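As structure tokens, the structure follows; a few thoughts come after it.
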Amino acid sequence: MDHVVVVGAGLAGVRSVEALRAHGYQGRITLIGEEPHRPYDRPPLSKAVLLGDADSTVVDSDLEALDIRLMLGTAAKGLHDGVLSTTDGELAFDGLVVATGATPIRLRGEGHQHVLRTIDDALALRAALVEGARVAVIGAGWIGAEVATAAARAGCRVTVVEAGDAPVAAALPIGRYMIPWYAEAGVELVLDAPVGSVDPDGLTLMNGGKIEADVVVTGVGVRPNVAWLDGSDVELDNGVLVDEHLRSFVPNVVAVGDCANWYSRRFGRRMRVEHWDTALGAPDTAAATLMGENAVYDPVPYFWSEQFGRMVQYAGHHHGARLVLRGDPETDAKWAACWLTHDHRLAAILTVDRPRDLVQGRRLVEGRQRLDAGRLADPSVTLRDC
Ligand code: FAD
């Protein structure tokens, strides 16, 4: 291999070029990024940046020392017969890493809606979060809750509008325990309220109701950035379809991060995980695959969210597993939700301000040990002794 092109200069892209060098690849590497910025981290955008504690989140990586050709402000447009077309011309390659991430979904309407994906989005939103501003956040998911946290902290009057019957309802069945967090932070939470349109003066709900707002933030999820691969031989279905080696249907093309829909041996199903830890970890396997090594990507997915002064962490994959609460979310400030498989193994864990449970729980998910549900429900029993 003489030339590897990495498309997408986010975390997964920059980790891919580092991993290629770490695996001994000495040929040329070109890293292409549509944004004009050097690779930066996104989790702080809805935390430290919105809160005014940071202005830059650039990833600490010495691309010059790694001898990378960095093409910023350049977008990939298509892929045909081993040639990548970009807004700055065509590039031939022997290996290609697709790391183009995801784009926020926007709703219908004439009004201005902020989204939060880039550093530019974060700085524009931060400037709008002034004391007394009426802020409507659409979606009580992870990003919506973090935006509401920052807006309330800035002295805004915040309403979060959610289509489901609880926060994070699309992802987890324990969102009802998070409902009180909003009121405690002085944030109004409106549930079962799908939004019809974003208007110049606020929101119109599907039921005809109105919510007046000076600032509207849409946080209803993302779509993988793969439209540029339409018409190529790379198979697409909710992202780039890749196997457990992160290899697409085109052998010298791999995909990583938010845009990759990979096969998990551990969970026996496909997964597309839109979290930082996946963008960090997958590139090592993808680089090994391009180098002809037999590497398998099979992690226990992990993410965290910081909302209303709480640290929420999750590891595993809970679908189809039985919920066991560890502590009482209605009375305990710190609690956990565990999910057990039919044969009593830990499938997933979510912790609220119980970081030690998260660390031990993640190991238990990895190790597949059998657990005692009664001991698991007792928060005074150390998790690894369950
Ligand atoms: P991205 O970071 O999206 O990078 C992809 C890059 O590719 C972008 O720069 C994009 O401009 C570029 N690109 C797209 N199309 C093209 C093209 N055609 N040509 C060239 N370049 C292109 N995860 C957690 O686990 N915990 C958190 O607390 C958390 N907080 C978050 C907060 C925010 C505000 C956001 C937005 C995300 C958060 N995440 C969090 C998720 C995490 O940041 C993402 O999973 C991670 O950034 C994915 O990295 P990536 O490199 O795959 O994609």
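One is the number of the first residue; the rest follow in order along the sequence. Not measured: the values here are computed from a predicted model. FYI, side chains are in, hydrogens and waters are out, and symmetry mates aren't considered; it's all heavy atoms of this structure. One-based numbering, in listed order, for ligands and for the atoms of each.
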Report task. Have a look at ligand 1 and work out which part of W304, if any, has a heavy atom under 4.0 Å from it: side chain, backbone, both or neither. Result -> both

Query - ligand 1 atoms in contact with A12 (distance to a heavy atom under 4.0 Å) - result: 50 (P), 51 (O), 52 (O)

Report summary line: With V98 as partner, the option from L229, L246, V256, V254 fulfilling side chain to side chain contact (heavy atoms under 4.5 Å, CB included) is L229

Query - Minimum non-hydrogen distance to atom 33 (C) of ligand 1, winning option of L45, I143, D41 - result: I143

Requested in this report: Take the angle between the ring planes of F303 and H275 and call it parallel below 30°, perpendicular above 60°, tilted in between.
Outcome: parallel

Query raised in the report: Can you list the ligand 1 atoms lying under 4.0 Å from a non-hydrogen atom of V7?
Result: 19 (N), 20 (C)

Query raised in the report: Is the closest side-chain donor-acceptor distance between E146 and S305 under 3.5 Å?
Result: yes

Query raised in the report: Do other residues, nucleotides or ligands put more than 12 heavy atoms under 6.0 Å from D60 CG?
Result: no

Query raised in the report: Just which atoms of ligand 1 are under 4.0 Å from any heavy atom in E35?
Result: 8 (C), 9 (O), 11 (O)

Query raised in the report: With no hydrogens and no angle check, do the side chains of D199 and S197 hold a donor and an acceptor under 3.5 Å apart?
Result: yes

Query raised in the report: Mind checking whether E366 and R266 have side chains closer than 4.5 Å, heavy atoms only?
Result: yes

Query raised in the report: In terms of residue, atom name and distance, what is the protein heavy atom nearest to atom 23 (N) of ligand 1?
Result: W276 N, 3.3 Å

Report summary line: Across all chains, not counting sequence neighbours, the ring pair (Phe, Tyr, Trp, His ring centres under 6.0 Å) partners of H245 are none

Report task. Quickly, which of I349, L172, L358, T351 forms a side chain to side chain contact (heavy atoms under 4.5 Å, CB included) with Y314? Name it, please. Result -> L172

**Report entry** Interfacing atoms of ligand 1 (cut-off 4.0 Å, heavy-atom, G257)
**Finding:** 52 (O)

Query - Those atoms of ligand 1 less than 4.0 Å from some heavy atom in T74 - result: 20 (C)

Query raised in the report: With sequence neighbours excluded, what pairs up with F93 under the ring pair (Phe, Tyr, Trp, His ring centres under 6.0 Å) test?
Result: none

Query raised in the report: What atoms of ligand 1 come within less than 4.0 Å of a heavy atom belonging to F303?
Result: 25 (O)

Query raised in the report: Please state which protein non-hydrogen atom is closest to atom 3 (O) of ligand 1 and give its distance, to 0.1 Å?
Result: R117 NH2, 2.7 Å

Query raised in the report: When you measure from atom 53 (O) of ligand 1 to every protein heavy atom, which one gives the shortest distance, and what is it?
Result: G101 CA, 3.2 Å

Query raised in the report: Below 4.0 angstrom, N of the basic side chain to O of the carboxylate: do R117 and E34 qualify?
Result: no

Query raised in the report: What is the nearest protein non-hydrogen atom to atom 32 (C) of ligand 1, stated with its residue, atom name and distance?
Result: S46 OG, 3.2 Å

Query raised in the report: Looking only at heavy atoms, is any part of A122 under 4.0 Å from ligand 1, and if so is it the side chain, the backbone, or both, or is it neither?
Result: neither

Requested in this report: Can you pull out the closest protein heavy atom to atom 2 (O) of ligand 1? Residue, atom name and distance to 0.1 Å, please.
Outcome: R42 NE, 2.5 Å

Query raised in the report: Are D55 and R126 within salt-bridge range, i.e. N to O under 4.0 Å?
Result: yes

Requested in this report: Give yes if a backbone or side-chain nitrogen or oxygen of A76 is under 3.5 Å from a nitrogen or oxygen of ligand 1, and no if not.
Outcome: yes

**Report entry** For atom 28 (O) of ligand 1, closest protein heavy-atom neighbour
**Finding:** K47 NZ, 2.6 Å

**Report entry** Donor-acceptor contact below 3.5 Å, side chain R370 vs main chain D343
**Finding:** yes

Report task. Give the residue, atom name and distance (to 0.1 Å) of the protein heavy atom nearest atom 49 (O) of ligand 1. Result -> A279 CB, 3.4 Å

Report summary line: Short version for E274: what comes under 4.0 Å of ligand 1, heavy atoms counted, is backbone

Report summary line: Under 4.0 Å from one or more heavy atoms of A102, ligand 1 contributes atoms 3 (O)

Query raised in the report: Counting heavy atoms only, which part of D258 comes closer than 4.0 Å to ligand 1: side chain, backbone, both or neither?
Result: both

Report task. Using distance alone, decide if ligand 1 has a nitrogen or oxygen within less than 3.5 Å of any nitrogen or oxygen in L11. Result -> yes

**Report entry** Nearest non-hydrogen protein atom, atom 31 (C) of ligand 1
**Finding:** P43 CA, 3.5 Å

Report task. Mark up the atoms of ligand 1 that fall under 4.0 Å of a heavy atom belonging to L116, in ascending order. Result -> 34 (C), 36 (C)

Requested in this report: Check whether any N or O atom of E34, backbone or side chain, sits under 3.5 Å from an N or O atom of ligand 1, and answer yes or no.
Outcome: yes

Query raised in the report: Any ion pair linking K210 and E212 (charged N to carboxylate O, less than 4.0 Å)?
Result: no

Query - S305 N/O to ligand 1 N/O under 3.5 Å - result: no

